[in-house]
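We number each residue from 1, following the sequence as shown. Computed from heavy atoms alone, side chains included, the values below leave out hydrogens, waters and symmetry copies.
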Amino acid sequence: WLPQYSQSIYFLGTILPICIFEAKMQLIYNTFFKVLRQEKYLLKINLISMIISFILTLCSVYILHSYHAVIMSMVCVIILRCLFAETVISRYMAFNGTKFAITEVFVAITYIALSITCNYTILLSVLLIVYTLIPIIYLSYFRQFIQASKRCQERVLPIKAACAKR
């Protein structure tokens, strides 16, 4: 009577990228667009994403007759929406985030590919190890950037503390 969790592993690999890119969009890019008073770009990005999502969903449902294709199209649209927003913000702030974007998309594709190909030939324990190693490799790859960001933050925080005391 134990439940079969093979379908949940498939959806885990698709939900993780959705959570990451949607959280990034909501927490970072929406905030930047609103603070910089660039809501028109946010509207354009959301409208383009909605149109692409509508077209891909229609194709997935009526042509392919597959709910897996619907889920994959959702993931693709969410990733594209985040990449569109990142491109606009990067241009506005003169920051080249291409290296980060490519790495994030590669990590998302890796999660999805592992979840799709996961069957009983791949042991779940091996899959768990790989799912654990991916963020560790990602963080070690960007270790220098993270350390530089931490040093920058440490320089800014004492200034904020001094201003608060006045």
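- Across every non-hydrogen atom of Ile45 and Ala85, the tightest pair is CD1-CA, 3.5 Å.
- Thr103 OG1 to Ile137 CD1: the interatomic distance, rounded to the nearest 0.5 Å, is 12.0 Å.
- Between Thr14 and Val75, the shortest heavy-atom contact is O-CG2, 3.9 Å.
- For the atom pair CD1 (Ile134) and OH (Tyr138), the distance works out to 12.5 Å, reported to the nearest 0.5 Å.
- By the rule that hydrophobic residues join a cluster once side-chain heavy atoms approach within less than 4.5 Å of another member, Val107 and Ile20 end up as members of separate clusters.
- Proximity of Tyr141 to Lys99: side-chain heavy atoms (C-beta onward) are separated by under 4.5 Å at one or more points.
- Met72 and Val77 end up in different hydrophobic clusters when Ile, Leu, Val, Met, Phe, Trp and Tyr side chains are linked at under 4.5 Å.
- Between Pro17 and Ile112, some side-chain heavy-atom pair lies under the 4.5 Å cut-off.
- Transitive grouping of hydrophobic side chains (ILVMFWY, heavy atoms separated by less than 4.5 Å) brings Val105 and Ile78 into a common cluster.
- Closest non-hydrogen pair, Asn96 versus Thr98, comes out as OD1-OG1, 2.6 Å.
- If you chain together hydrophobic residues whose side chains sit under 4.5 Å apart, Leu139 and Tyr131 fall into the same group.
- Note that CD of Glu39 and CZ of Arg37 are 4.0 Å apart. Values are rounded to the nearest 0.5 Å.
- Counting only heavy atoms from C-beta outward, the side chains of Glu104 and Glu86 approach each other to under 4.5 Å.
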TODO: Might you work through the salt bridge (charged side-chain N to carboxylate O under 4.0 Å, His left out) test for Glu22 and Lys24, ending with a clear yes or no?
DONE: CA-CA 5 Å; Glu22 191 60 30; Lys24 190 175 176 184; over 6 Å; no

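- We find the OG1-CG distance between Thr87 and Leu80 to be 10.0 Å, quoted to the nearest 0.5 Å.
- Within 6.0 Å of CD in Gln147 there are more than 12 heavy atoms belonging to other residues, nucleotides or ligands.
- The distance from the CD1 atom of Ile146 to the CZ atom of Arg143 is 9.5 Å, given to the nearest 0.5 Å.
- Residue pairs meeting the ring-ring contact (aromatic ring centres under 6.0 Å, His included) criterion with at least one partner in residues 69-110, sequence neighbours excluded, are Phe100-Phe142, Phe100-Phe145.
- Residues Ser73 and Ser60 approach most closely at OG-OG, 3.9 Å, considering heavy atoms.
- Clustering of Ile, Leu, Val, Met, Phe, Trp and Tyr side chains at separations under 4.5 Å places Leu58 together with Phe54, Val61, Tyr62, Val70.
- Between the side chain of Thr57 and the backbone N or O of Ser53 there is at least one donor-acceptor pair closer than 3.5 Å.
- Ile89 and Leu83 sit in two unconnected hydrophobic clusters of ILVMFWY residues. Membership requires side-chain heavy atoms under 4.5 Å apart, directly or through other members.
- Leu42 pairs by the side chain to side chain contact (heavy atoms under 4.5 Å, CB included) definition with Met25, Asn30, Phe33, Lys34, Asn46, not counting sequence neighbours.
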